[in-house]
Amino acid sequence: RVVLLLFLFALPAHGRVLDSHTDIRVAQSGEVTVTERITLQVDNRQPHSVLLREVAAPARVIDVTRNGRPEPWELEAAASGQRLRIGARGKALPHGRHLYQIAYSAAGQVRYLDYFDELRWSVPAAERITAEVSLPASVPARDMRLSASGGDYQSFLSDGRAAFRSAKEPMSFAVRFPKGVVAAPAFDYRGLLLVLAGLACSAGALVWIRRPWARRSARTPAY
């Protein structure tokens, strides 16, 4: 099961995202650890100045800072999974630039396909967008494939690493790599046994119910 983490900005009026950098590190287990650095320009004070981030559940937030100091945050329910609310409710941000750093992790983001594995990601709009993906093992550039959509972009490949650069528009990208770089999920034998046991119980119950009815039908004279 693959869940694409899609992060969307909801910004205060007269606030601009000048720069957005996303660093994604893929573990051998398939879990990803993501660090985002976001530079926000606030042109004037607003009664409420927060960042709202739509997050596909379940994501585990590690740390959130603004200008190097811990920033209040909370996770709340949303239609697409969870919403990360960054900032103090009802407290305006001071005029000027603010540097946010958000760190989180999530499992189940790697797609295990027939001939290769793939990581897909989406990043929101900003005046300057950069993203980097690091695989858990050395992979020659010739064995990796990159694709992206959403405006003009540039992509770069090196040994087990991929980088993207774009501007203005939201960007979605995919990194393909050989099978075996990331461990495939183990087969859930316990789950299969539970399903089979449930089916067996259901079949046994049906047989038990039908047997008395069959005996009664045999004793009933036919007309």
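The two residues Ser166 and Met171 come nearest to each other via the heavy atoms CB-SD, 3.7 Å. For Ser172 against Ser122, the heavy-atom pair with the smallest separation is OG-OG, 2.9 Å. Taking each heavy atom of Ser105 and Thr33 in turn, the nearest pair found is CB-OG1, 4.2 Å. Residues Val50 and Ala88 approach most closely at CG1-O, 4.0 Å, considering heavy atoms. Glu118 and Ala174 get closest at one heavy-atom pair: OE2-CB, 3.8 Å. For the residue pair Ala125 and Lys168, the shortest heavy atom distance occurs at CB-O, 2.9 Å.
Looking at Phe177 and Val110, their side chains come closer than 4.5 Å, going by heavy atoms from C-beta outward. Looking only at side-chain heavy atoms (C-beta outward), Ile102 and Thr35 stay at 4.5 Å or farther from each other. The shortest side-chain heavy-atom distance between Arg85 and Pro72 does not fall under the 4.5 Å cut-off. Using a 4.5 Å heavy-atom cutoff, the side chains of Pro170 and Val123 are not in contact.
Connection of Leu135 to Phe116 is not established within any shared hydrophobic cluster, with ILVMFWY side chains joined at heavy-atom distances below 4.5 Å, either directly or through further cluster members. Connection of Leu75 to Val32 is established within a shared hydrophobic cluster, with ILVMFWY side chains joined at heavy-atom distances below 4.5 Å, either directly or through further cluster members. Hydrophobic clustering, with ILVMFWY side chains joined whenever heavy atoms are under 4.5 angstrom apart, groups Leu146 together with Ile129. With hydrophobic clusters built from ILVMFWY side chains whose heavy atoms lie under 4.5 angstrom apart, Val139 shares a cluster with Tyr112.
Summarising the geometry, atom CZ belonging to Phe156 is positioned 10.5 Å from atom CZ belonging to Phe164; distances are rounded to the nearest 0.5 Å. Atoms OG1 and CD, from Thr39 and Glu127 in turn, are 10.5 Å apart once rounded to the nearest 0.5 Å. To the nearest 0.5 Å, atoms CG (Leu99) and CZ (Arg37) are separated by 8.0 Å. Note that the NZ atom of Lys179 and the CG atom of Leu113 stand 6.5 Å from one another [nearest 0.5 Å]. Between atom CZ of residue Arg165 and atom CD of residue Gln154 there is a gap of 5.5 Å, rounded to the nearest 0.5 Å. Between the NE2 atom in His21 and the CZ atom in Arg128 there is a gap of 9.0 Å [rounded to 0.5 Å].
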(request) Evaluate the side chain to side chain contact (heavy atoms under 4.5 Å, CB included) criterion for residues Ile38 and Asp19: first the C-alpha distance (whole Å), next the side-chain angles of each, then the deciding distance (0.1 Å), finally the verdict. (result) CA-CA 6 Å; Ile38 302 159; Asp19 185 86; over 6 Å; no
(request) Assess whether side chain to side chain contact (heavy atoms under 4.5 Å, CB included) is satisfied between Arg176 and Met144, documenting all intermediate values. (result) CA-CA 6 Å; Arg176 293 181 178 181; Met144 299 174 62; over 6 Å; no
(request) Kindly determine whether Leu40 and Leu93 satisfy side chain to side chain contact (heavy atoms under 4.5 Å, CB included), including the steps that lead there. (result) CA-CA 10 Å; Leu40 174 66; Leu93 284 173; 4.1 Å; yes
(message) One pair to check against side chain to side chain contact (heavy atoms under 4.5 Å, CB included): Ile62 and Arg60. What are the steps and the verdict?
(response) CA-CA 6 Å; Ile62 301 171; Arg60 182 175 65 89; 4.1 Å; yes
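A side-chain N or O of Tyr104 and one of Glu36 form a donor-acceptor pair less than 3.5 Å apart.
With His95 contributing its side chain and Val42 its backbone, the two residues share a donor-acceptor pair below 3.5 Å. A donor-acceptor contact shorter than 3.5 Å is absent between the side chain of Asp159 and the backbone of Ser138.
Between Arg89 and Glu74 there is a salt bridge, since at least one side-chain N of the basic residue sits less than 4.0 Å from a carboxylate O of the acidic one. Remark: Lys91 does not engage Glu71 in a salt bridge, criterion side-chain N to carboxylate O under 4.0 Å.
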Exercise answer: donor-acceptor pairs, residues 22-29 side-chain atoms, under 3.5 Å, sequence neighbours excluded:
residue : atom : partner : partner atom : Å
Asp23   : OD2  : Arg25   : NE           : 3.2
Ser29   : OG   : Glu31   : N            : 3.4

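The list of side-chain hydrogen bond (donor to acceptor under 3.5 Å, both in side chains) pairs with a residue in residues 143-152, not counting sequence neighbours, is empty.
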